[in-house]
Amino acid sequence: MSMSIFELISIFEMERNQPPESINALLDFYQRKYVSSEIDLDEYRNVYYYLYRQGAISAHEYAFE
């Protein structure tokens, strides 16, 4: 079963007591869920690619100068 974006936002809001400040923050939150084994790879891929297509950029992708 795949998590919907609405469910992800709801979980973010419950855990952080605030809405996500950006789509990038939502992606980073979701990636932490994956790394901590709270979601499986198939679920991760589906939501990751959806967020990425919406313009989300992971904190891991930023270039530091």
Side-chain angles (χ1 to χ4, degrees):
M1 176 179 280
S2 184
M3 178 185 300
S4 75
I5 295 302
F6 299 110
E7 290 170 314
L8 177 59
I9 292 170
S10 180
I11 292 168
F12 184 103
E13 290 174 342
M14 278 187 353
E15 291 186 17
R16 300 278 175 94
N17 295 318
Q18 66 181 24
E21 51 280 353
S22 69
I23 196 167
N24 298 339
L26 194 58
L27 177 59
D28 291 339
F29 175 79
Y30 193 66
Q31 287 177 319
R32 283 191 289 278
K33 292 284 186 193
Y34 172 69
V35 170
S36 66
S37 300
E38 294 179 50
I39 55 173
D40 67 26
L41 181 59
D42 289 333
E43 185 175 349
Y44 172 76
R45 283 182 180 162
N46 290 334
V47 174
Y48 172 85
Y49 288 120
Y50 174 80
L51 292 172
Y52 186 78
R53 286 190 306 269
Q54 300 304 311
I57 300 171
S58 171
H60 302 288
E61 294 180 45
Y62 290 122
F64 296 100
E65 296 180 21

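For the ring-ring contact (aromatic ring centres under 6.0 Å, His included) with Y30, the lone residue among Y49, Y44, Y50 that qualifies is Y44.
Residues L26 and P20 come closest through the heavy atom pair CD1-CG, 4.1 Å. Looking at every heavy atom in both residues, Y48 comes nearest to Q31 through CE1-NE2, 3.7 Å. Between N24 and A56, the shortest heavy-atom contact is OD1-CA, 3.2 Å.
Partners of F29 by side-chain contact (heavy atoms from CB on, under 4.5 Å), not counting sequence neighbours, listed by chain and number: L8, I11, F12, E15, R16, R32, K33. Applying the side-chain hydrogen bond (donor to acceptor under 3.5 Å, both in side chains) rule to S36 yields the partners E38; only residues at least two apart in sequence or on another chain are considered. Partners of S4 according to the side-chain contact (heavy atoms from CB on, under 4.5 Å) rule, which considers only residues two or more places apart in sequence or in another chain, are F6, E7.
Side-chain contact between I57 and L27 is absent, with no heavy-atom pair separated by less than 4.5 Å.
Considering CD1 of I5 and CD1 of I23, their distance stands at 7.5 Å, rounded to 0.5 Å.
L51 and L41 end up in the same hydrophobic cluster when Ile, Leu, Val, Met, Phe, Trp and Tyr side chains are linked at under 4.5 Å.
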